[in-house]
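Being a predicted model, the structure only gives us computed values, none of them experimental. Within every chain, numbering begins at 1; the chains are lettered A, B, ... in the order of the sequence lines, protein sequences first and strands thereafter.
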2 protein chains.
Amino acid sequence: MDKSIWDLERATVVFKLLADRTRLTIMKILEYRECCVCELVEIFQVSQPSISQHLRKLRDAGLVQEEKRGQWTYYALNEESNDFPMVQTILQQLPDQGTKLKAVQQKGGLHCSS
Amino acid sequence: MDKSIWDLERATVVFKLLADRTRLTIMKILEYRECCVCELVEIFQVSQPSISQHLRKLRDAGLVQEEKRGQWTYYALNEESNDFPMVQTILQQLPDQGTKLKAVQQKGGLHCSS
DNA sequence: TAAGTATATAATAATATACTTATATGGAGA
DNA sequence: TCTCCATATAAGTATATTATTATATACTTA
(Lines give C-alpha, C1' and ligand atoms only; values in the text may rest on other atoms or scores of the structure.)
Protein backbone atom coordinates (compact mmCIF):
# COMPACT_ATOMS: atom_id res chain seq x y z
CA MET A 1 0.00 0.00 0.00
CA ASP A 2 1.13 3.47 -0.89
CA LYS A 3 1.59 5.68 2.15
CA SER A 4 3.44 8.50 0.38
CA ILE A 5 2.06 11.98 -0.01
CA TRP A 6 1.80 12.97 -3.65
CA ASP A 7 3.36 16.25 -4.71
CA LEU A 8 0.43 18.38 -5.80
CA GLU A 9 2.14 19.82 -8.85
CA ARG A 10 3.32 16.39 -9.92
CA ALA A 11 -0.16 14.96 -9.37
CA THR A 12 -1.60 17.41 -11.91
CA VAL A 13 0.98 16.25 -14.45
CA VAL A 14 0.09 12.60 -13.90
CA PHE A 15 -3.66 13.30 -13.92
CA LYS A 16 -3.31 15.14 -17.22
CA LEU A 17 -1.61 12.10 -18.71
CA LEU A 18 -4.23 9.72 -17.34
CA ALA A 19 -7.14 11.98 -18.32
CA ASP A 20 -7.36 10.38 -21.73
CA ARG A 21 -9.22 7.15 -22.36
CA THR A 22 -6.55 5.74 -24.66
CA ARG A 23 -3.61 6.53 -22.40
CA LEU A 24 -5.38 5.39 -19.26
CA THR A 25 -6.29 2.09 -20.90
CA ILE A 26 -2.73 1.65 -22.17
CA MET A 27 -1.44 2.14 -18.63
CA LYS A 28 -3.86 -0.42 -17.23
CA ILE A 29 -2.89 -2.88 -19.95
CA LEU A 30 0.79 -2.36 -19.14
CA GLU A 31 0.02 -3.05 -15.51
CA TYR A 32 -1.10 -6.50 -16.69
CA ARG A 33 2.06 -7.06 -18.74
CA GLU A 34 4.56 -5.30 -20.99
CA CYS A 35 3.35 -4.89 -24.48
CA CYS A 36 4.49 -4.33 -28.05
CA VAL A 37 3.32 -1.24 -29.94
CA CYS A 38 1.69 -3.35 -32.62
CA GLU A 39 -0.54 -4.99 -30.02
CA LEU A 40 -1.71 -1.62 -28.76
CA VAL A 41 -2.40 -0.45 -32.29
CA GLU A 42 -4.66 -3.48 -32.75
CA ILE A 43 -6.57 -2.80 -29.56
CA PHE A 44 -7.55 0.81 -30.16
CA GLN A 45 -9.62 2.39 -32.90
CA VAL A 46 -7.02 5.01 -33.69
CA SER A 47 -4.09 5.22 -36.08
CA GLN A 48 -0.60 3.89 -35.36
CA PRO A 49 0.91 7.40 -35.14
CA SER A 50 -1.69 8.33 -32.56
CA ILE A 51 -0.64 5.40 -30.37
CA SER A 52 3.03 6.31 -30.86
CA GLN A 53 2.32 9.86 -29.75
CA HIS A 54 0.48 8.72 -26.65
CA LEU A 55 3.36 6.41 -25.78
CA ARG A 56 5.82 9.23 -26.26
CA LYS A 57 3.96 11.43 -23.82
CA LEU A 58 3.92 8.67 -21.25
CA ARG A 59 7.60 8.00 -21.82
CA ASP A 60 8.61 11.67 -21.76
CA ALA A 61 6.96 11.91 -18.35
CA GLY A 62 8.81 8.79 -17.23
CA LEU A 63 5.68 6.77 -16.59
CA VAL A 64 6.63 4.03 -19.02
CA GLN A 65 9.91 2.74 -20.39
CA GLU A 66 10.62 1.47 -23.86
CA GLU A 67 12.87 -1.37 -24.90
CA LYS A 68 13.67 -2.22 -28.50
CA ARG A 69 13.97 -5.89 -29.23
CA GLY A 70 14.71 -6.65 -32.85
CA GLN A 71 12.08 -5.09 -34.98
CA TRP A 72 9.72 -4.39 -32.16
CA THR A 73 9.47 -1.87 -29.39
CA TYR A 74 8.09 -3.01 -26.08
CA TYR A 75 6.65 -0.67 -23.50
CA ALA A 76 6.32 -1.36 -19.79
CA LEU A 77 5.43 0.59 -16.69
CA ASN A 78 8.50 2.33 -15.30
CA GLU A 79 8.69 1.03 -11.77
CA GLU A 80 11.70 3.24 -11.06
CA SER A 81 9.69 6.43 -11.52
CA ASN A 82 9.05 8.61 -8.49
CA ASP A 83 5.48 8.64 -9.68
CA PHE A 84 5.15 4.87 -9.77
CA PRO A 85 3.49 4.56 -6.34
CA MET A 86 0.90 7.13 -7.38
CA VAL A 87 0.34 5.46 -10.73
CA GLN A 88 0.08 2.05 -9.14
CA THR A 89 -2.43 3.22 -6.55
CA ILE A 90 -4.60 4.61 -9.32
CA LEU A 91 -4.30 1.66 -11.70
CA GLN A 92 -5.24 -0.76 -8.95
CA GLN A 93 -8.66 0.87 -8.78
CA LEU A 94 -9.41 0.42 -12.47
CA PRO A 95 -11.17 -2.56 -14.04
CA ASP A 96 -8.97 -5.19 -15.70
CA GLN A 97 -8.05 -4.58 -19.33
CA GLY A 98 -6.08 -7.79 -19.84
CA THR A 99 -8.91 -9.32 -21.83
CA LYS A 100 -8.32 -6.79 -24.61
CA LEU A 101 -4.79 -8.11 -24.91
CA LYS A 102 -5.94 -11.72 -24.88
CA ALA A 103 -8.46 -10.98 -27.64
CA VAL A 104 -5.67 -9.65 -29.84
CA GLN A 105 -3.50 -12.69 -29.14
CA GLN A 106 -6.41 -14.99 -29.95
CA LYS A 107 -7.06 -13.26 -33.22
CA GLY A 108 -3.42 -13.80 -34.24
CA GLY A 109 -1.72 -12.04 -37.12
CA LEU A 110 0.95 -10.33 -35.05
CA HIS A 111 4.53 -11.53 -35.24
CA CYS A 112 5.89 -10.02 -32.07
CA SER A 113 6.79 -12.50 -29.38
CA SER A 114 4.13 -11.48 -26.86
CA MET B 1 -11.01 2.95 2.78
CA ASP B 2 -12.32 2.88 -0.76
CA LYS B 3 -12.73 -0.64 -2.11
CA SER B 4 -14.76 0.28 -5.17
CA ILE B 5 -13.56 -0.14 -8.72
CA TRP B 6 -13.54 3.13 -10.61
CA ASP B 7 -15.29 3.28 -13.96
CA LEU B 8 -12.52 3.92 -16.47
CA GLU B 9 -14.45 6.45 -18.51
CA ARG B 10 -15.53 8.30 -15.40
CA ALA B 11 -11.99 8.27 -14.08
CA THR B 12 -10.77 10.16 -17.16
CA VAL B 13 -13.43 12.81 -16.53
CA VAL B 14 -12.37 13.23 -12.91
CA PHE B 15 -8.67 13.22 -13.78
CA LYS B 16 -9.26 15.92 -16.37
CA LEU B 17 -10.89 18.07 -13.71
CA LEU B 18 -8.13 17.43 -11.20
CA ALA B 19 -5.36 17.93 -13.78
CA ASP B 20 -5.28 21.64 -13.09
CA ARG B 21 -3.32 23.14 -10.22
CA THR B 22 -6.04 25.61 -9.28
CA ARG B 23 -8.88 23.10 -9.33
CA LEU B 24 -6.91 20.43 -7.53
CA THR B 25 -5.96 22.88 -4.80
CA ILE B 26 -9.56 24.06 -4.50
CA MET B 27 -10.68 20.47 -4.02
CA LYS B 28 -8.08 19.84 -1.33
CA ILE B 29 -9.10 23.06 0.43
CA LEU B 30 -12.74 21.98 0.33
CA GLU B 31 -11.75 18.66 1.86
CA TYR B 32 -10.54 20.72 4.82
CA ARG B 33 -13.79 22.71 5.04
CA GLU B 34 -16.49 24.33 2.92
CA CYS B 35 -15.49 27.65 1.60
CA CYS B 36 -16.85 30.92 0.25
CA VAL B 37 -15.93 32.02 -3.27
CA CYS B 38 -14.37 35.22 -1.98
CA GLU B 39 -11.91 33.21 0.12
CA LEU B 40 -10.82 31.21 -2.89
CA VAL B 41 -10.38 34.36 -4.93
CA GLU B 42 -8.03 35.65 -2.23
CA ILE B 43 -5.96 32.49 -2.23
CA PHE B 44 -5.17 32.20 -5.92
CA GLN B 45 -3.32 34.56 -8.23
CA VAL B 46 -6.08 34.57 -10.82
CA SER B 47 -9.14 36.71 -11.44
CA GLN B 48 -12.52 36.17 -9.79
CA PRO B 49 -14.17 35.03 -13.04
CA SER B 50 -11.47 32.43 -13.45
CA ILE B 51 -12.25 30.99 -10.02
CA SER B 52 -15.98 31.07 -10.81
CA GLN B 53 -15.36 29.17 -14.02
CA HIS B 54 -13.30 26.51 -12.26
CA LEU B 55 -16.03 26.12 -9.65
CA ARG B 56 -18.63 25.78 -12.35
CA LYS B 57 -16.74 22.95 -14.00
CA LEU B 58 -16.43 21.14 -10.70
CA ARG B 59 -20.10 21.70 -9.97
CA ASP B 60 -21.27 20.68 -13.45
CA ALA B 61 -19.44 17.41 -12.94
CA GLY B 62 -21.09 17.00 -9.55
CA LEU B 63 -17.84 17.02 -7.61
CA VAL B 64 -18.83 20.02 -5.51
CA GLN B 65 -22.11 21.53 -4.43
CA GLU B 66 -22.97 25.16 -4.02
CA GLU B 67 -25.13 26.77 -1.41
CA LYS B 68 -26.11 30.42 -1.42
CA ARG B 69 -26.31 32.03 1.99
CA GLY B 70 -27.24 35.67 1.91
CA GLN B 71 -24.84 37.49 -0.31
CA TRP B 72 -22.31 34.71 -0.42
CA THR B 73 -21.99 31.39 -2.19
CA TYR B 74 -20.39 28.52 -0.35
CA TYR B 75 -18.91 25.52 -2.05
CA ALA B 76 -18.35 22.11 -0.49
CA LEU B 77 -17.35 18.66 -1.66
CA ASN B 78 -20.40 16.76 -2.84
CA GLU B 79 -20.35 13.65 -0.70
CA GLU B 80 -23.41 12.29 -2.51
CA SER B 81 -21.57 12.02 -5.81
CA ASN B 82 -20.83 8.58 -7.21
CA ASP B 83 -17.33 9.89 -7.72
CA PHE B 84 -16.87 10.92 -4.12
CA PRO B 85 -15.02 7.76 -3.06
CA MET B 86 -12.59 8.24 -5.94
CA VAL B 87 -12.15 11.92 -5.17
CA GLN B 88 -11.68 11.23 -1.50
CA THR B 89 -9.07 8.54 -2.13
CA ILE B 90 -7.11 10.97 -4.26
CA LEU B 91 -7.43 13.99 -1.99
CA GLN B 92 -6.24 11.98 0.98
CA GLN B 93 -2.88 11.56 -0.74
CA LEU B 94 -2.32 15.27 -1.26
CA PRO B 95 -0.52 17.62 1.13
CA ASP B 96 -2.68 19.79 3.38
CA GLN B 97 -3.83 23.12 1.95
CA GLY B 98 -5.69 24.31 5.02
CA THR B 99 -2.90 26.76 5.85
CA LYS B 100 -3.77 28.78 2.76
CA LEU B 101 -7.25 29.23 4.17
CA LYS B 102 -5.95 30.15 7.60
CA ALA B 103 -3.63 32.75 6.08
CA VAL B 104 -6.60 34.44 4.41
CA GLN B 105 -8.60 34.41 7.65
CA GLN B 106 -5.66 35.91 9.51
CA LYS B 107 -5.26 38.67 6.97
CA GLY B 108 -8.92 39.60 7.45
CA GLY B 109 -10.85 41.91 5.13
CA LEU B 110 -13.48 39.37 4.11
CA HIS B 111 -17.02 39.71 5.41
CA CYS B 112 -18.24 36.19 4.84
CA SER B 113 -18.88 34.16 7.98
CA SER B 114 -16.13 31.57 7.43
C1' DT C 1 20.46 -5.00 -51.96
C1' DA C 2 15.53 -4.86 -52.44
C1' DA C 3 11.17 -5.38 -50.18
C1' DG C 4 8.37 -5.71 -46.22
C1' DT C 5 7.23 -4.75 -41.49
C1' DA C 6 7.36 -1.88 -37.22
C1' DT C 7 7.72 2.42 -35.37
C1' DA C 8 8.60 7.42 -35.09
C1' DT C 9 8.27 12.07 -36.63
C1' DA C 10 6.40 16.14 -39.18
C1' DA C 11 2.83 18.94 -40.65
C1' DT C 12 -1.72 20.23 -40.22
C1' DA C 13 -6.52 20.82 -38.73
C1' DA C 14 -10.23 20.69 -35.41
C1' DT C 15 -11.34 21.30 -30.95
C1' DA C 16 -10.74 22.24 -26.04
C1' DT C 17 -8.77 24.84 -22.27
C1' DA C 18 -7.85 28.66 -19.28
C1' DC C 19 -7.09 33.02 -18.87
C1' DT C 20 -8.49 38.06 -19.41
C1' DT C 21 -11.79 42.27 -19.44
C1' DA C 22 -16.39 43.86 -19.57
C1' DT C 23 -20.90 43.34 -18.08
C1' DA C 24 -25.06 41.39 -15.81
C1' DT C 25 -27.52 39.81 -11.69
C1' DG C 26 -29.03 39.81 -7.18
C1' DG C 27 -28.90 40.53 -2.17
C1' DA C 28 -28.00 44.08 1.75
C1' DG C 29 -28.11 48.23 3.75
C1' DA C 30 -28.17 53.60 3.77
C1' DT D 1 -34.47 53.59 -4.45
C1' DC D 2 -29.53 53.96 -4.99
C1' DT D 3 -25.28 51.96 -4.22
C1' DC D 4 -22.06 48.50 -2.80
C1' DC D 5 -20.49 43.99 -2.67
C1' DA D 6 -20.36 39.05 -4.21
C1' DT D 7 -20.76 36.22 -7.90
C1' DA D 8 -21.82 34.62 -12.60
C1' DT D 9 -21.79 35.00 -17.44
C1' DA D 10 -20.22 36.62 -22.06
C1' DA D 11 -16.85 37.50 -25.40
C1' DG D 12 -12.34 37.31 -26.98
C1' DT D 13 -7.62 35.49 -27.20
C1' DA D 14 -3.61 32.54 -26.64
C1' DT D 15 -2.25 28.11 -26.12
C1' DA D 16 -2.70 23.10 -25.70
C1' DT D 17 -4.49 18.75 -27.14
C1' DT D 18 -5.50 14.99 -30.16
C1' DA D 19 -6.42 13.22 -34.18
C1' DT D 20 -5.15 12.60 -39.20
C1' DT D 21 -2.12 11.86 -43.47
C1' DA D 22 2.34 11.72 -45.35
C1' DT D 23 6.91 10.54 -44.78
C1' DA D 24 11.27 8.94 -42.61
C1' DT D 25 13.93 5.48 -40.19
C1' DA D 26 15.47 1.05 -39.00
C1' DC D 27 15.47 -3.85 -38.53
C1' DT D 28 14.62 -8.48 -41.06
C1' DT D 29 14.68 -11.59 -44.50
C1' DA D 30 14.75 -13.24 -49.35
query: What does B:Arg23 touch in the nucleic acid at a heavy-atom separation under 4.0 angstrom: a base, only the sugar-phosphate, or nothing?
result: sugar-phosphate

- prompt: Are B:Glu34 and B:Arg69 ion-paired here, with the side-chain N under 4.0 Å from a carboxylate O?
  reply: yes

- line: Rounded to whole Å, NE2 of A:His54 lies from P of C:dT7 at a distance of 16 Å

message: Any side-chain to backbone donor/acceptor pair from A:Asn78 onto A:Gln65? Under 3.5 Å, distance only.
response: no

task: Quick one: label A:Ser50 by what it contacts on the DNA or RNA (base, sugar-phosphate, nothing), any heavy atom closer than 4.0 Å.
output: base

task: Would you indicate what A:Glu66 reaches in the nucleic acid, counting non-hydrogen atoms under 4.0 angstrom: base, sugar-phosphate, or nothing?
output: sugar-phosphate

query: When we call it a touch if two heavy atoms are under 4.0 Å apart, what does B:Cys112 touch: a base, just sugar-phosphate, or nothing?
result: nothing

message: Using OP1 and OP2 only, check whether a side-chain N or O of A:Tyr74 sits under 4.0 Å from C:dT7.
response: no

- request: List the steps, then state whether side-chain hydrogen bond (donor to acceptor under 3.5 Å, both in side chains) holds for A:Thr99 with A:Tyr32.
  value: CA-CA 10 Å; A:Thr99 51; A:Tyr32 177 69; over 6 Å; no

query: Taking for each residue the nucleotide of DNA chain D with the nearest heavy atom, is it B:Leu110 or B:Gln53 whose nucleotide lies nearer the 5' end?
result: B:Leu110

field: A:Glu39 and A:Ser114: side chain donor to acceptor below 3.5 Å
entry: yes

- prompt: Roughly, in whole Å, what's the span from CD in B:Gln71 to P in C:dA30?
  reply: 12 Å

Greater than 12 external heavy atoms within 6.0 Å of B:Asp96's CG: yes

- request: Figure out the CH2/C1' separation between B:Trp72 and C:dG27, and round it to whole Å.
  value: 10 Å

task: Verify whether one side chain among A:Gln105 and A:Lys102 offers a donor that lies under 3.5 Å from an acceptor in the other.
output: no

- request: For B:Phe44, answer base if it contacts any base atom (sugar-phosphate contacts may also be present), sugar-phosphate if it contacts only those atoms, and nothing otherwise; contact means non-hydrogen atoms under 4.0 Å.
  value: nothing

Terminal axis angle for the helix from C:dT1-D:dA30 to C:dA30-D:dT1, five pairs an end, nearest 10 degrees: 10°

- line: Contacts of B:Lys16 and A:Cys36 projected onto DNA chain C by closest heavy atom; the upstream (5') one is A:Cys36

- prompt: Between A:Arg23 and A:His54, is there a donor-acceptor pair closer than 3.5 Å when you use the side chain of the first and the backbone of the second?
  reply: no

query: First contact, last contact: which nucleotides of DNA chain D are these for chain A, 5' to 3', heavy-atom distance under 4.0 Å?
result: D:dT17 to D:dT28

field: Heavy-atom donor-acceptor pair, B:Lys28 side chain to B:Leu94 backbone, under 3.5 Å
entry: yes

Atom CD of B:Glu80 with >12 non-hydrogen neighbours under 6.0 angstrom: no

message: Considering every strand and a 4.0 Å limit on heavy-atom distances, what is the contact class for B:Ser52: base, sugar-phosphate, or nothing?
response: base

